[in-house]
*Asks:* 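Below is one structure. I have some questions about it.
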Amino acid sequence: MRQITISGNLGKDPQINTTQNGTEVANFSVAVRKSRPDDGGNYGTDWFRCSVWGKRAATIERFFHKGSHVTVTGTFELDEYDGNPQLNVNVTDFDLPDNKTQASDNPFDNDDDSIDISDDNLPF
């Protein structure tokens, strides 16, 4: 099976379409920064076109927006567009983007203070 996992940022808000049989599909593109610079010291960007089908399309529309960080997994096909290779990902799984505005249950989030623990505080 040809499977891929990518992590990057959405280039624009997802677009939702409905097929003739009523199935929703969310289409979006993910920009992934290359891990190594070119000879000029510039990092390039690879773009991946992604599609999510069915009920998950509504989830994508609700939580994903331009600039959102996302990690997606799916099967892929390599196409050519205007003479350039293009990778299309049929997304089978995704992580929801971090929402910085929601309250966290983690008491250590947004806490830059260090914690001093001495041997006397350890129970063993």
*Asks:* Hey, quick one: are Val30 and Leu78 part of the same hydrophobic cluster, counting side-chain heavy atoms closer than 4.5 Å, chains of contacts allowed?
*Replies:*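 Per the 4.5 Å side-chain linkage, Val30 and Leu78 are co-clustered.
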*Asks:* Mind checking the CD-OG1 spacing from Gln3 to Thr73? Nearest 0.5 Å is all I need.
*Replies:*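 That separation rounds to 6.0 Å.
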*Asks:* Any chance CZ of Arg2 has more than 12 other-residue heavy atoms, nucleotides or ligands included, within less than 6.0 Å?
*Replies:*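 For Arg2, atom CZ is crowded (more than 12 foreign heavy atoms under 6.0 Å).
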*Asks:* Taking the side chain as everything from C-beta on, heavy atoms only, tell me whether Ile60 gets closer than 4.5 Å to Cys50.
*Replies:*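 A side-chain contact is absent here, since even the closest heavy-atom pair is not under 4.5 Å.
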*Asks:* What residues, two or more places apart in sequence or in another chain, satisfy side-chain contact (heavy atoms from CB on, under 4.5 Å) together with Asn9?
*Replies:*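 Testing Asn9 for side-chain contact (heavy atoms from CB on, under 4.5 Å), a comparison that skips the adjacent residues, returns His69.
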*Asks:* Check salt bridge (Lys or Arg N to Asp or Glu O under 4.0 Å) between Lys66 and all other residues, then give those that pass, not counting sequence neighbours.
*Replies:*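 Salt bridge (Lys or Arg N to Asp or Glu O under 4.0 Å) check on Lys66 returns nothing, list empty.
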*Asks:* At what distance, to the nearest 0.5 angstrom, does CZ of Phe64 lie from CG of Asp13?
*Replies:*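 Result: 12.0 Å between the selected atoms.
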*Asks:* Which pair of non-hydrogen atoms, one from Ala26 and one from Ala57, has the smallest distance, and what is that distance?
*Replies:*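 Looks like N-CB, 3.7 Å.
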*Asks:* In chain order, what residues pass the side-chain contact (heavy atoms from CB on, under 4.5 Å) check against Gln86, with sequence neighbours excluded?
*Replies:*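 With neighbours one apart ignored, the set is Arg49, Tyr81, Asn88.
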*Asks:* Restricting to side-chain contact (heavy atoms from CB on, under 4.5 Å), what partner residues turn up for Glu61, sequence neighbours left out?
*Replies:*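 Glu61 satisfies side-chain contact (heavy atoms from CB on, under 4.5 Å) with Ile16 once adjacent residues are dropped.
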*Asks:* Does some side-chain heavy atom of His65 sit less than 4.5 Å from a side-chain heavy atom of Leu10?
*Replies:*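 No - every pair of side-chain heavy atoms lies 4.5 Å or more apart.
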*Asks:* Tell me the closest heavy-atom pair linking Val89 and Gly74, and the distance in Å.
*Replies:*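 Closest heavy-atom pair between Val89 and Gly74: CG1-CA, 4.1 Å.
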*Asks:* Please examine the side chains of Ile4 and Leu87, heavy atoms only from C-beta on, and report whether any two atoms are closer than 4.5 Å.
*Replies:*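 Yes, at least one pair of side-chain atoms sits under 4.5 Å.
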*Asks:* Can you give me the closest heavy-atom contact between Gly8 and Val32, atom names plus distance?
*Replies:*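 It is CA-CG2, 4.3 Å.
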*Asks:* Name all residues meeting the side-chain contact (heavy atoms from CB on, under 4.5 Å) criterion together with Thr23; count only those two or more places apart in sequence or in a different chain, and write none if there are none.
*Replies:*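 With sequence neighbours excluded, Thr23 shows a side-chain contact (heavy atoms from CB on, under 4.5 Å) to Thr19, Asn21, Trp53, given in chain and number order.
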*Asks:* Taking atom types as modelled and ignoring hydrogens, do the side chains of Asn27 and Ser51 form a donor-acceptor contact shorter than 3.5 angstrom?
*Replies:*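 Side chains of Asn27 and Ser51: pair found under 3.5 Å.
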*Asks:* Just to verify, what does Phe76 make a ring pair (Phe, Tyr, Trp, His ring centres under 6.0 Å) with, not counting sequence neighbours?
*Replies:*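 In terms of ring pair (Phe, Tyr, Trp, His ring centres under 6.0 Å), with neighbours along the sequence ignored, Phe76 is linked to no residue.
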*Asks:* For the backbone of Thr92 and the side chain of Arg56, can you confirm whether one donor and one acceptor N or O come within less than 3.5 Å of each other?
*Replies:*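 Present.
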*Asks:* For residues Trp47 and Val70: do they belong to one hydrophobic cluster (side chain heavy atoms under 4.5 Å, members Ile, Leu, Val, Met, Phe, Trp, Tyr)?
*Replies:*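 No, Trp47 does not connect to Val70 through the hydrophobic network.
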*Asks:* Please round to the nearest 0.5 Å and tell me the distance separating atom CZ of Arg33 and atom OG1 of Thr45.
*Replies:*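 Going from CZ on Arg33 over to OG1 on Thr45, the span is 8.5 Å.
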*Asks:* Side-chain contact test, heavy atoms from C-beta onward, threshold under 4.5 Å: evaluate it for Phe94 versus Thr59 and give yes or no.
*Replies:*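 Yes; the side chains approach each other to less than 4.5 Å.
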